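Here's the structure, in structure tokens; my notes come after.
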Amino acid sequence: MEQDYNPQEIEKKWQSRWNESRVFEPEPDERDKFFITIPYPYLNGNLHAGHTRTFTIGDVVARHRRMLGYNVLYPMGFHVTGTPIVGLAELIASRDPQTMDVYSRLHKIPEDVLPFLDTPEKIVDYFSVEAELAMRSIGYSIDWRRKFTTTDPTYKKFIEWQFNLLHDKGLIVKGSHPVKWCPHDNNPVEDHDILHGENATIVDFTFIKFEHDGLILPCATLRPETIFGVTNLWVNPDIEHVRIKVKQGGKEEFWVVSREAYDKLTYTDREVEFVDNVPSGSIIGIKVRNPLTGKEVITLPASFVKAGNGSGIVMSVPAHAPYDYLAIKDLYDKDLSEYGITENVRDIEFISLIEVKDFGEYPAVDAVRQLGVEDQKDPRAEEATKLVYRREFHGGVLKDNTGEYAGIAVSKIKDVLTRDLLSRGIGEIFYEFSEPVVCRCGTPCVVNMVKGQWFLNYSSPEWKDIVYRCIENMEIIPEEIRVEFKNKVDWLKDKACARKKGLGTRLPFDTEWLIESLGDSTIYMSYYITNKFFSQGVLPEQLKPSLFDYVLLGKGRVQETAADTGLDEKLIADMKADFDYWYPVDLRSSGKDLVSNHLLFFLFHHVAIFDEDKWPRAMAVNGFVSLEGEKMSKSKGPILTMKEAVGTYGADVSRMYILSSAEQTQDADWRNAGVESARKQMERFYKLAMEIISSGASSGIEGELHLIDRWMLSRLQQIVRETNNDMTSIRTRGALQNAFFLLYNDVKWYQRRGGSAVLYDVLDSWVRLMAPFTPHICEEIWSAMGHGENDFVSMAPYPIFCPEYVDNDAELAEELICNTLSDIEEIIKVTKIRPKKAVLYTSPAWKTRAFKLALKMLHEEDLDPGKLIKELMAEPENRHYGKEIPKYVQKLVPDIKSMKTGRFEMLLGFDLDEQSILRENGECLANEIGCQIDVYTADSPEYDPENKSRFAAPLRPAIYLE
RNA sequence: GCGAGGGUUGCCCAGCUGGUCAAAGGCGCCGGACUUAAGAUCCGGUAUCGAAGGAUUUCGUGGGUUCAAAUCCCACCCCUCGCACCA
């Protein structure tokens, strides 16, 4: 029977048996259901190691739950909507060298296939076939009857229904939206189109509209609250300024800004018209009105003002902005008569508006002094600015001179104040990059307002509140990321949900737009359930809204739905029954990259569309996978495809490796050396199992059990418990640590100690324990154990913790033997003597009594050394040891007190006959050490030349080597 | 900058409701057994010192709390990820 482990052969065999017997095609029944999904893959390439991790975690959870007795549904589909597949088709059609190289060399697409993948449809067809093959070859327990692609006509009907519904509920709104834009290409730029400034973000500045003689001088700021502290404006005499006409919302104004600002403004949602150039001198030295306070302030010259930042005109808040303070200082005692300024700048009084600890009245002044900043050209000025900003933002509170805003924390003021400024017409939003952005074509980019854009209204506080409630009641694995989810909901803004380009479904109420691909992937888990029916010949035009309304929402009646759609009443009723049985999603497991987008949208759409009882029950998140320390990239490499991994190492080895290499949100690093060792582990497991089977072993659990057998069974229970605990929290690494490595070591020790009676029973549990992780090899072993044709281990009951097999005494006894052995070995090592004889002295009776009494006292009352000594001395047989008792107690009490509860409970019932345990296992010890072993009790040692017996204590026999 | 997570013994990492923690497991390395030999397998070792089961110094850095800290608190340094209209 024993043969070499041949994964390819075994895996193929069991995959086809599973397929033939349809074990993974569940139908509703009386069992509890478990509906697990992972995000379907986006098909612009082959499945890779990253998918392998997420999908395998899903499969292991599915298999574990199935063996625990749940009716498990694990479905899969393919995501193809959006632009990347279209882009890829174009690149292949044009034979782009890099693309051709990456897709042939790294994605391993055969040379006779690749050039023909020149349309999106062909790409989708090719990769969906490949993906399914790969997932089958790694042994996922997927119900393939339900698969679909997001461009299926029936799926599009489902998406249309969903978007109409959201539109009707007012959750899809129209508005303007800022994007990175290349004026040369006349197109939005995506990250890969950017030459410089990939890290730039779009920042929302507030324009404060200062006024002079009907003319507006807008000043851009990130800190609108400082409007209360403005003492003057800054105008750079060396840059060009223009006067422009700005129309917005039926309002017409004249602004003065830098020429660059004028260019940028033309891309905003304002109508802008050039009027004339403005000599800088004419706007320096004038009085402008602070629109909020009504106070008049002067405009002064400053060289630090850049034409390209904001409007090119800056408001000055010297109390809180180091640059402003420095610039004012630079003007002290300067002759400004060329600008017509006769006032002394020294007379300008600083206005402090923020109270912050660590700084006095004027934080900017303090910071400049602290850092020793010289003037506005000093690089440390930047540092001082950051310092002040940080302290004020985190610890600052607005002072009384801010009127109605007094007492508000600086960190909270921006949104409130901006809203007020906007509504009063004295402020406007102006978007700007955090750093300059240059397109690949070499043109500097601008922020462009796309008008008429459709948005999912995720910023709605009411919508968010429901999502918070949903998260509150969900299980989140691991628990630590719950706060992350809440933060992200808080941060989420409206999301543009339609584009002009790509594959997908048209927005039903505005068909020139295509639904963006994250929006069409939010509630599709429900589609797996209906698609089982749709794929059997239902026509797209029969998928009327009434059908989805009835099946998914329970609205309307079967008869009406049947009449409306022309579908059979029974079919519709079955669909609804299936949906009601399987929904909601019990667990959505995903990579952590999807936390701030897909998983969030998944929640938003579920709570918007479904009743609370259909909201998802749990979400789990796992980390990324790198290759030999390098980040994977679909488009640049390196990449390891699932097909390659399985082809090289086999399904079970790949599964075992990826599941054991990292835990939960930690990132995993796929290393060849590691997979190699996983392969050896599988071989070892297989060999050991086959040895046990071919030795003719059978269940020995009913027969007479020795100490070591009871130890083995007890250990097995601990492992079973830990494995199940780990699996409940999706800690696959920990689960394998127990179910494989620790158990393997225990079995080895068991055999070494001469155990064999329960080997078969252990194997029986072990195979089932391992089946979710490495199902093929386990089926093979299971079948070798005599299970019949359709008796799959995949469907066998998973081992669960049985307390009746836990045997504390057996574990303690084994611990005694092990500890004694290692003590002897250590003595040998240190003394370098080669013992002819080893003598062991077990604890004297009085010490054992003291030990037990101490445990009992701690359990029942409080363990106090004095009390313990008193009680011990009360017993006549202890009195001879009057001198030793206090000494021993002094050591014993802290030992016992510092025990962990588990350990304490294990020892509480302590009642070992150490004498006979050591005698019975003397042979084993003798073999290990290689000399004769004598065992005496320290009460009356027959042989004790060096009086070693005095060191004997419970569970710690004294040792004398000769 | 903001938010989240992390820094442990040669490596990957477990431990982190404070005490059996010099710290599990795996890998690697060293030694041994087996073998004609290699591989596989098995056994032992793998911080330092130690002629008796012990002692000493370790868990990013620096402080602190405590009888006791890898574990708790504070500060700092470093790393990874996300910050969107892109799947």
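Keep in mind that this is a model prediction, so the values were computed, not measured. Residue numbers begin at 1 in each chain, while the letters A, B, ... track the order of the sequences.
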Would you tell me if any nitrogen or oxygen in the side chain of A:R956 comes within less than 4.0 Å of OP1 or OP2 on B:rG54? yes
Treat primed atoms plus P, OP1 and OP2 as sugar-phosphate and everything else as base, then score nucleotides 37-52 of chain B 5' to 3': B for base contact with protein heavy atoms under 4.0 Å, S for sugar-phosphate contact only, - for none. ---SSSSS-----BSB
Nearest-Å distance for atom pair CG/P, residues A:D726 and B:rG25: 16 Å
Please check: side-chain N/O of A:K847 versus main-chain N/O of A:A953, any donor-acceptor pairing under 3.5 Å? no
Below 4.0 Å: OP1/OP2 of B:rA14 and any side-chain N or O of A:Q666: yes
Between A:I202 (CD1) and B:rG1 (P), how many Å, whole number? 22 Å
Figure out the NZ/C1' separation between A:K900 and B:rG19, and round it to whole Å. 8 Å
Could you tell me whether the side chains of A:N44 and A:K634 share a donor-acceptor contact shorter than 3.5 Å? yes
To the nearest Å, how far apart are A:L892 CG and B:rU20 P? 16 Å
Touch check for A:A662, heavy atoms < 4.0 angstrom, all strands: base, sugar-phosphate only, or nothing? nothing
Would you find a donor on one side and an acceptor on the other, under 3.5 Å apart, between the side chain of A:E663 and the backbone of A:T732? yes
What integer distance in Å separates A:F485:CZ from B:rG82:C1'? 12 Å
Could you tell me how far apart A:D864 (CG) and B:rC67 (C1') are, to the nearest whole angstrom? 16 Å
Can you measure from OG1 (A:T150) to CD1 (A:I515) and round to the nearest 0.5 angstrom? 11.5 Å
Residue-phosphate contact under 4.0 Å: A:T83 side-chain N/O, B:rA87 OP1/OP2: yes
Calculate the interatomic distance between A:H598 atom NE2 and B:rC83 atom C1'; express it in whole Å. 19 Å
Short side-chain N/O contact from A:N745 to OP1 or OP2 of B:rG26, under 4.0 Å: yes
Distance check: side-chain N/O of A:S517 vs OP1/OP2 of B:rA87, anything under 4.0 Å? yes
Is A:L492 touching bases, backbone alone, or none of the nucleic acid, heavy atoms closer than 4.0 Å? base
Closest to the 5' end of RNA chain B, once A:P957 and A:L43 are matched to their nearest nucleotides, is A:P957
Testing B:rC12, B:rG25, B:rA4 for proximity to the side chain of A:R671, the answer is B:rC12
Nearest to side-chain heavy atoms of A:E484, which nucleotide of B:rG3, B:rG19, B:rU20: B:rG3
Side chain of A:E480 - closest among B:rC12, B:rC85, B:rG5: B:rG5
Strand partner of B:rG31, provided both Watson-Crick or wobble distances fall under 3.5 Å: B:rC43
How many whole angstroms separate atom CG of A:N597 from atom C1' of B:rC81? 13 Å
Is the base of B:rC81 touched by the side chain of A:K592 through a donor-acceptor pair closer than 3.5 angstrom? no
Identify whether any heavy atom of A:S596 sits under 4.0 Å from a base atom; if not, whether one sits that close to sugar-phosphate; answer base, sugar-phosphate or nothing. sugar-phosphate
For the side chain of A:R903, counting heavy atoms from C-beta on, which of B:rA87, B:rU20, B:rG53 is nearest? B:rU20
